[in-house]
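Note that these values count all heavy atoms, side chains included, but never hydrogens, waters or copies made by symmetry. In what follows, residues are counted from 1 in the order of the sequence shown.
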Amino acid sequence: NLAAALRRTGMIEKESIIQAIIVKITKETHGNEHPDTCSSMGNLATTYRMLGKWKDTEELQVQVLEMRTRILGKEHPDTLRSMGNLASTYSELGKWKEAEELQVPVLEMRTRILGKEHPNTLSSMGNLATTYSELGKCKEAEELQVQVLEMRTRILGKEHPDTLMSMGNLAITHKKLGKWKEAKELEVQVLEMRTIILGKEHPDTLRSMGNLASTYRKLGKRKEAEELQVQVLEMRTRILGKEHPDTLRSIDNFATTYSEQ
């Protein structure tokens with residue numbers, strides 16, 4: 001409870017110290033392979049992740065996964081969650097092949113146990129698609145993302161945040177495959193809905209504007225690209241300040257478009 005309270009107040013470093021003590025006490029009290037020990041190690045790994053301590057996170061998650069696989073079995077929900085967590089850490093470390101090796105069986109097992117349309121299965125499909133994209137397997141990524149988008153649109157509705165995220169991810173893959181018109185059609189929809197739902201100045205809306213602007217530029221629609229980029233730059237400068245990385249990136253994007261005219 002104290003660790004959770006520290007998290008709420010943003011004192012993550014202190015939380016990690018308390019959780020490390022909890023792991024030590026739990027091991028001494030219950031032994032290395034007790035479920036409570038696994039849980040406390042998983043919690044500490046999550047805190048390390050929040051601190052950006054990726055190697056420490058990886059080390060703990062590998063141990064948790066090995067224990068849960070041995071004690072609970074490979075298909076237990078906690079084991080699958082541990083596999084997914086470790087795969088996510090591998091992604092952050094740029095270990096895409098290692099991530100793929102975990103994500104493929106997670107997706108296979110969740111599809112078989114939970115069904116293809118379960119939220120956890122759809123998340124697994126989306127995660128694997130991202131990994132495929134990073135590995136240059138863009139056709140495989142596109143196939144998965146099309147399925148995820150279709151199911152999320154049908155189950156959650158077109159305006160749900162997860163659906164909009166799926167549309168954005170598919171648009172990125174379309175771009176990698178050179179399908180700029182298809183990417184534009186998706187990005188226009190995402191921007192329209194995020195503007196209505198989140199408001200024009202929300203970070204996700206501004207990111208969507210930037211994405212669509214870059215697509216317009218690739219399609220030779222420099223006037224449309226410039227109009228969006230000017231809006232993004234003005235709002236980011238006002239909200240984030242002139243020296244924020246996102247503002248500086250907007251300046252660079254606008255300068256690139258302007259120089260091409």
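- Side-chain N or O atoms of T163 include none that pairs as donor or acceptor with a backbone N or O of E159 at under 3.5 Å.
- Of all heavy-atom pairs between P105 and E100, the closest is CD-O, 4.4 Å.
- Between the side chain of T29 and the backbone N or O of I25 there is at least one donor-acceptor pair closer than 3.5 Å.
- More than 12 heavy-atom neighbours from other residues, nucleotides or ligands sit within 6.0 angstrom of CD on E28.
- Taking Q147 as the reference, K116 meet the side chain to side chain donor-acceptor pair (under 3.5 Å) condition, with sequence neighbours excluded.
- T37 has its side chain out of reach of E33: every pair of non-hydrogen atoms, C-beta onward, lies at least 4.5 Å apart.
- The shortest heavy-atom contact between T257 and R217 is OG1-CD, 3.0 Å.
- With contacts defined as side-chain heavy-atom distances shorter than 4.5 Å, the pair M235/L206 qualifies.
- A pairwise comparison of heavy atoms in T173 and C138 identifies CG2-O, 3.5 Å as the closest pair.
- In this structure a side-chain-to-backbone donor-acceptor pair under 3.5 Å is missing from E92 to S88.
- Side-chain contact between K184 and H174: absent, with no pair of heavy atoms (C-beta onward) separated by less than 4.5 Å.
- Using modelled atom types and a 3.5 Å distance limit, the side chains of Q61 and T89 yield a donor-acceptor pair.
- Nearest heavy-atom pair across S133 and A141 is N-CB, 3.8 Å.
- Residues satisfying the ring-ring contact (aromatic ring centres under 6.0 Å, His included) criterion with H34, sequence neighbours excluded, are H30.
- Side-chain contact between S91 and T131 is present, with heavy atoms from C-beta onward closer than 4.5 Å.
- One distance of note links NZ of K137 with CD of E143; it measures 12.0 Å at 0.5 Å rounding.
- In this structure, L60 is a member of the same hydrophobic cluster as L72, with clusters built from ILVMFWY side-chain heavy atoms closer than 4.5 Å.
- Note on L135 and L128: separate hydrophobic clusters, where clusters join Ile, Leu, Val, Met, Phe, Trp and Tyr whose side-chain heavy atoms are under 4.5 Å apart, directly or indirectly.
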Step-by-step salt bridge (charged side-chain N to carboxylate O under 4.0 Å, His left out) determination, K55 to E58: CA-CA 5 Å; K55 290 304 292 181; E58 177 188 10; 3.1 Å; yes
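- Nearest approach of V190 to G168, heavy atoms of both residues: CG2-N, 4.1 Å.
- No option in V232, D246, T247 other than T247 meets the side chain to side chain contact (heavy atoms under 4.5 Å, CB included) test with T237.
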Salt bridge (charged side-chain N to carboxylate O under 4.0 Å, His left out) between E185 and K181, worked out: CA-CA 6 Å; E185 289 168 9; K181 286 198 70 171; 5.6 Å; no
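- Connection of L164 to V146 is established within a shared hydrophobic cluster, with ILVMFWY side chains joined at heavy-atom distances below 4.5 Å, either directly or through further cluster members.
- Formation of a donor-acceptor pair under 3.5 Å by the T121 side chain with backbone atoms of G115 is found in this model.
- Of all the heavy atoms in G84 and V106, the pair that sits closest is N-CG2, 4.4 Å.
- With rounding to the nearest 0.5 angstrom, the CD atom of E117 is 10.0 Å from the CE atom of M125.
- Side-chain contact between N43 and Y48: absent, with no pair of heavy atoms (C-beta onward) separated by less than 4.5 Å.
- Applying the side chain to side chain donor-acceptor pair (under 3.5 Å) test to K221 and every residue at least two apart in sequence or in another chain returns nothing.
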